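Since the structure comes first, as structure tokens, the remarks are kept for the end.
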Amino acid sequence: MAMDPELHARAAALPDREVDPGEAARKLELESVIARQVREYRTAAGLSVAEMATRVGISKAMLSKIENAQTSCSLTTLGRLATGLGIPVSALFRGVDTEREAVYVQAGQGARIARRGSRVGHVYELLGALRGPHKRMEAVLVTLTESSEVFPLFQHPGTELIYMLEGEMVYGHGEASYTMRPGDALQLDGEGTHGPQELVELPIRFLSVTAYGDHSPS
């Protein structure tokens, strides 16, 4: 994670003890973010430092130190600040530079995956998947190039979003059927049986994005 050179300099100037400069810089950056957020929310609420300090139940001097990133806030103080400003505690951390997972796939470079129907003109191109302890999302570009009497049906955990890009088809979900044309979107419960019922105009391309949540795909 990239750090502000000024924060690194301030961290290096800290008293000589067993402190990781990188960790110290991250701490200073967090204090700077909290300082900025508190000051901006207080100003937007039309409160002076003295008024805000009284509302929160801390001294004016302490609030001034917080807004100038000269002290670290305890969880209790953060809670008081958020309550006094009428915002969630998480709002005080907006702007912290944290690394986030991302998947980048260039056009035509997605991995081909085998699924039912792959041998009858149904092509599935994996555009990427995000995995985590409480989430899993998978994006697949589906291309249908040949008409077939056998249409694959699917059932899986999670919620699926289908966005039509090209062609026309009738897509079934449970007992319902939907005519899908470019620009149409269908969001469905993956536990229900679903899949193409009729290929009206070929070629057909649609984007399938499935969010599995806390479940794992079968």
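These numbers come from the heavy atoms of this one structure, side chains and all, not from hydrogens, waters or symmetry mates. Since the structure is predicted, the reported quantities are computational estimates derived from the model, not experimental observations.
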Side-chain contact, heavy-atom cut-off 4.5 Å: L141 with L165?
yes
Can you tell me how far CZ of R42 sits from CD of E40, rounded to the nearest 0.5 angstrom?
11.0 Å
Quick check: do L186 and L161 have side-chain heavy atoms less than 4.5 Å from each other?
no
Which atom of P203 lies closest to which atom of E166, heavy atoms considered:
CG-OE2, 3.5 Å
Could you check if a side-chain atom of L63 sits within less than 4.5 angstrom of a side-chain atom of V56, using non-hydrogen atoms only?
no
Mark yes when over 12 heavy atoms from residues, nucleotides or ligands other than R39 sit less than 6.0 Å from its CZ; otherwise mark no.
yes
Do T179 and E168 have side chains that approach each other closer than 4.5 Å (heavy atoms only, starting at C-beta)?
yes
Would you name the heavy atoms of Q197 and A176 that are closest together and state the gap between them?
NE2-O, 4.4 Å
Rounding to 0.5 Å, atoms OH (Y178) and CD1 (I162) come to a distance of 10.5 Å
Should E67 and R36 count as an ion pair when the cut-off is N to O under 4.0 Å?
no
Once the angle between the rings of H194 and H156 is folded into 0 to 90°, is it parallel (under 30°), tilted (30 to 60°) or perpendicular (over 60°)?
perpendicular
Is there a side-chain contact (heavy atoms from CB on, under 4.5 Å) between T159 and Y212? Walk through the geometry before answering.
CA-CA 6 Å; T159 302; Y212 293 99; over 6 Å; no
Close side-chain approach of L81 to I66, heavy-atom, < 4.5 Å
yes
When you look at V140 and L127, which way does the side-chain contact (heavy atoms from CB on, under 4.5 Å) test go after all the steps?
CA-CA 5 Å; V140 177; L127 300 182; over 6 Å; no
Between CD of Q70 and OG of S64, what distance do you get to the nearest 0.5 Å?
6.5 Å
Using side-chain heavy atoms (C-beta onward) and a distance below 4.5 Å, is L78 in contact with L92?
yes
Show the nearest heavy-atom pair for residues L202 and T145, with the distance to one decimal.
CD1-O, 4.1 Å
Could you check whether any side-chain heavy atom of E201 comes within less than 4.5 Å of a side-chain heavy atom of M169, counting everything from C-beta outward?
no
When you compare the side chain of I58 with that of R80, does any pair of heavy atoms fall below 4.5 Å?
yes
